[in-house]
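One-based numbering along the sequence shown. It should be emphasised that the depicted structure is a prediction, and the values quoted were computed from it without experimental measurement.
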Amino acid sequence: MEGVDRAADRAPGSRPVRVLVADDEAMVRAGVRAILARDPQVDVVGEAGDGHEALALARRHRPDVVLLDIQMPGLDGLTAVGRFRRELTAVGVIMLTTFGQDEYITRALEEGADGFLLKADDPRELLNGVRAVGAGGAYLSPRVAGRVIAGMRAHRSAHPHRPLDRLTERERDVLAALGAGLSNAEIAARLHLVEGTVKAHVSAVLTKLGARNRVEAAIAAHEAGLMPPGAG
C-alpha cells in the first residue's frame with residue numbers, strides 16, 4: 001500500500017462514525033462499547049470474536065473504523081490488518097491491545113494500521129482515536145507515539161532521515177498537518193485548499209517519503225520537529 005492515502009468519504013459531522021469491535025473477550029467488547037456510547041457521533045455496528053468474523057462483518061456493515069485486538073483465535077489481529085488493507089481499503093484500522101511491545105507496534109504499522117491504542121490507555125484516547133481515524137486521519141496514543149519516536153531516534157544511524165528536502169513548501173505544510181493527526185478536510189480548512197488538492201499533496205508526500213500510510217508520515221513529521229501551520 002505504499003503511497004496510498006486512505007481519505008474518508010464521510011464529511012465531518014454528517015453522520016456517526018460506524019465502528020466494528022473485534023476482541024475474543026466478550027467483557028472487553030462490552031467495555032469498549034460502553035466507552036464509545038459516550039459519544040453520540042460514534043455508532044458500534046457490530047462485534048466480532050476473531051479476525052475472520054471481523055472481516056465478514058466488515059464486508060456486511062462497511063464500518064468506518066474497525067478496532068482489532070492482536071491475540072485472537074483463528075485469524076489474529078496483526079494478520080487481519082493486511083487483509084483489511086487488501087480487501088477493504090476504505091475501512092480505518094486501529095489496533096486496541098494489551099500488548100505494546102515494539103515488534104507488535106512496528107508490524108501493525110507496516111501492515112497498514114491507521115492507529116494503535118493500548119487497553120490501559122485513558123478511555124478518552126479510545127474516543128480520540130476513533131474520531132481521528134473515522135475522519136480519515138491517523139492516531140497513536142501518547143504512550144505508543146513516544147515509544148515509536150524513541151525507537152526511531154535510537155536507530156537513526158541505521159535508518160537515515162527521510163528525504164524531507166524533496167518536499168515542496170506546501171507538501172511540508174501538509175506533512176506537518178499529518179503529524180498533528182488532521183484529516184484531509186481539516187487540512188483543507190487550515191491551509192485554505194480544496195480537499196482534492198489536499199489528497200493529491202498527501203499522496204505526493206507519502207510517495208516521496210516512501211511512507212506506507214499516514215501514520216508513518218506523521219511519525220516522520222514528529223521526528224523532523226515539524227509543526228502544522230497555525231499551531232501553537
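- Rounded to the nearest 0.5 angstrom, Leu182 CG and Arg214 CZ are separated by 8.5 Å.
- Side chains of Pro123 and Ile35 form a contact here, defined as non-hydrogen atoms less than 4.5 Å apart.
- Using a 4.0 Å cut-off between a side-chain N of Lys or Arg and a carboxylate O of Asp or Glu, Asp173 and Arg190 do not qualify as a salt bridge.
- With respect to the salt-bridge test (charged N to carboxylate O, under 4.0 angstrom), the residues Glu47 and Arg33 qualify.
- Of the charged side-chain nitrogens involved, none lies within less than 4.0 Å of a carboxylate oxygen, so that Arg143 and Asp122 do not count as a salt-bridged pair.
- Hydrophobic clustering of Ile, Leu, Val, Met, Phe, Trp and Tyr side chains at less than 4.5 Å, counting indirect connections, keeps Leu67 apart from Val45.
- One distance of note links OG1 of Thr106 with CD of Glu111; it measures 11.5 Å at 0.5 Å rounding.
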Worked check of salt bridge (charged side-chain N to carboxylate O under 4.0 Å, His left out) between Arg131 and Asp39: CA-CA 10 Å; Arg131 294 188 196 110; Asp39 189 338; 2.7 Å; yes

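- Between Asp114 and Arg85 there is a salt bridge, since a side-chain N of the basic residue sits under 4.0 Å from a carboxylate O of the acidic one.
- Under the 4.5 Å side-chain contact rule for hydrophobic residues, Val44 and Val17 share a cluster.
- One distance of note links CG of Leu96 with CG of Asp121; it measures 8.5 Å at 0.5 Å rounding.
- The pair Lys208-Asp165 does not count as a salt bridge, with every side-chain nitrogen at least 4.0 angstrom from each carboxylate oxygen.
- Within the model, atoms CD1 of Ile219 and CG of Leu109 stand 5.5 Å from one another, a figure rounded to the nearest 0.5 Å.
- Here the CD-OG distance, from Glu171 to Ser203, works out to 10.5 Å after rounding to the nearest 0.5 Å.
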Full working for salt bridge (charged side-chain N to carboxylate O under 4.0 Å, His left out) between Arg15 and Asp43: CA-CA 9 Å; Arg15 63 171 174 79; Asp43 181 21; over 6 Å; no

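- You'll find the side chain of Tyr104 stays beyond 4.5 Å of the side chain of Thr97, heavy atoms only.
- For the atom pair Leu118 CG and Met95 CE, the distance stands at 11.0 Å (nearest 0.5 Å).
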